[in-house]
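Presented below is the structure to which this report refers.
Note that these values count all heavy atoms, side chains included, but never hydrogens, waters or copies made by symmetry. Fair warning: this is a prediction, and the values are worked out from it, not measured in the lab.
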Amino acid sequence: QVQLEESGGGLVQAGDSLRVSCLASGRAFSTLAMGWFRQAPGKEREFVASISASGLITYYADSVRGRFTISRDNAKNTVYIQMNSLKPEDTAVYYCASKEYSGNHHLLLGPRADYFYWGQGTQVTVSS
């Protein structure tokens with residue numbers, strides 16, 4: 001079992017930056033692939049970004065590529081999503097997700113991959 005706890009959400013203005021963190025416990029963090037998803041009101045949950053267990057491979061949704069950066073610190077059991085140039089349409093609950101997978105295959109790590117463990121989410125609101 002993996003427990004995930006997000007932190008760092010909040011209210012910001014358009015154009016601002018924000019970093020959201022996710023602390024993982026319960027399994028060796030270095031064996032976990034990690035992902036960020038978000039769900040806006042009235043919309044389905046959507047993929048934002050993912051990172052391999054090694055930290056060497058990352059994937060991004062087209063809507064955030066170039067603005068968001070996913071990273072991880074295996075010594076701190078933490079994955080981050082740095083969000084720059086935020087837009088009102090980035091407003092959503094942001095969820096951290098993980099699964100026990102140490103490989104790099106895009107089908108198991110990319111936007112269509114399934115994740116088994118989920119955090120409770122943290123609200124990010126971007127005002128115009």
What pairs meet the salt bridge (charged side-chain N to carboxylate O under 4.0 Å, His left out) rule with one or both residues in residues 113-128, with sequence neighbours excluded?
none
Is S17 close to Q82 at the side-chain level, that is, under 4.5 Å between some pair of heavy atoms?
yes
If I compare all heavy atoms of A40 with all of A92, which pair ends up nearest, and what's the gap?
N-CB, 3.8 Å
What distance separates C22 SG from I81 CD1, expressed to the nearest 0.5 Å?
11.0 Å
Shared ILVMFWY cluster between V2 and Y115, side chains joined below 4.5 angstrom?
no
R45 side chain vs R38 backbone, donor-acceptor pair below 3.5 Å:
no
Reported OG-to-NE2 distance for the pair S50 and H106, which is rounded to 0.5 angstrom:
11.5 Å
Do D16 and V126 make a side-chain contact, defined as non-hydrogen atoms from C-beta onward lying under 4.5 Å apart?
no
Give the cluster check for W36 versus W118: same hydrophobic cluster or not, with ILVMFWY residues linked at side-chain heavy-atom distances below 4.5 Å.
no
Are F116 and V79 joined in one hydrophobic group, where the rule is that I, L, V, M, F, W and Y side chains link up if heavy atoms are under 4.5 Å apart?
yes
Over 12 non-hydrogen atoms of neighbours within 6.0 angstrom of CD in Q13
no
Atom of T78, atom of S21 and distance for their closest heavy-atom approach
CG2-CB, 4.1 Å
dist S52:OG -> N104:CG (nearest 0.5 Å) comes out at 5.0 Å
Do Y60 and T69 have side chains that approach each other closer than 4.5 Å (heavy atoms only, starting at C-beta)?
yes
Could you grab the distance from atom OG of S63 to atom CG of D90, nearest 0.5 Å is fine?
7.5 Å
Any chance you could measure Y117, atom OH, to Q1, atom CD, to the nearest 0.5 Å?
5.5 Å
L108 backbone acceptor or donor facing R112 side chain under 3.5 Å:
no
Steps toward ring-ring contact (aromatic ring centres under 6.0 Å, His included) verdict (F37, Y95)
CA-CA 5 Å; F37 292 75; Y95 295 93; 8.7 Å; no
Quick test of your reading of the model: are D62 and R65 salt-bridged, counting only N-O distances below 4.0 Å?
yes
So if you build clusters from Ile, Leu, Val, Met, Phe, Trp, Tyr with side-chain heavy-atom gaps below 4.5 Å, do L23 and I70 land together?
no
Run the side-chain contact (heavy atoms from CB on, under 4.5 Å) check on T91 and Q123 step by step: do they pass?
CA-CA 8 Å; T91 295; Q123 177 70 46; 4.0 Å; yes
Does Y94 offer a backbone N or O that forms a donor-acceptor pair with the side chain of T122 under 3.5 Å?
no
Would you verify whether the NZ or CZ of R19 falls within 45 degrees of the ring axis of Y80 while also being under 6.0 Å from that six-membered ring's centre?
yes
Say whether, by atom type as modelled, one donor and one acceptor occur between the side chain of E6 and the main chain of C96 under 3.5 angstrom.
yes
Should V48 and L4 be counted in the same cluster of Ile, Leu, Val, Met, Phe, Trp and Tyr side chains packed under 4.5 Å apart?
yes
Contact summary for S102 and A53, nearest pair of heavy atoms
CA-CB, 3.9 Å
I'd like to know whether CD of E89 has more than 12 heavy-atom contacts from other residues, nucleotides or ligands below 6.0 angstrom.
yes
Any chance you could measure S128, atom OG, to K87, atom NZ, to the nearest 0.5 Å?
14.0 Å
Using the side chain to side chain contact (heavy atoms under 4.5 Å, CB included) definition, which of the options L86, L18, N84, V20 pairs with F68?
L86
Checking side-chain contact (heavy atoms from CB on, under 4.5 Å) for the pair Y101/L32: CA distance, chi angles, key distance, verdict?
CA-CA 6 Å; Y101 176 62; L32 300 177; over 6 Å; no
Are the side chains of I57 and L109 in contact, using a 4.5 Å heavy-atom criterion?
yes
Do the side chains of M34 and R72 get nearer than 4.5 Å, heavy atoms only?
yes
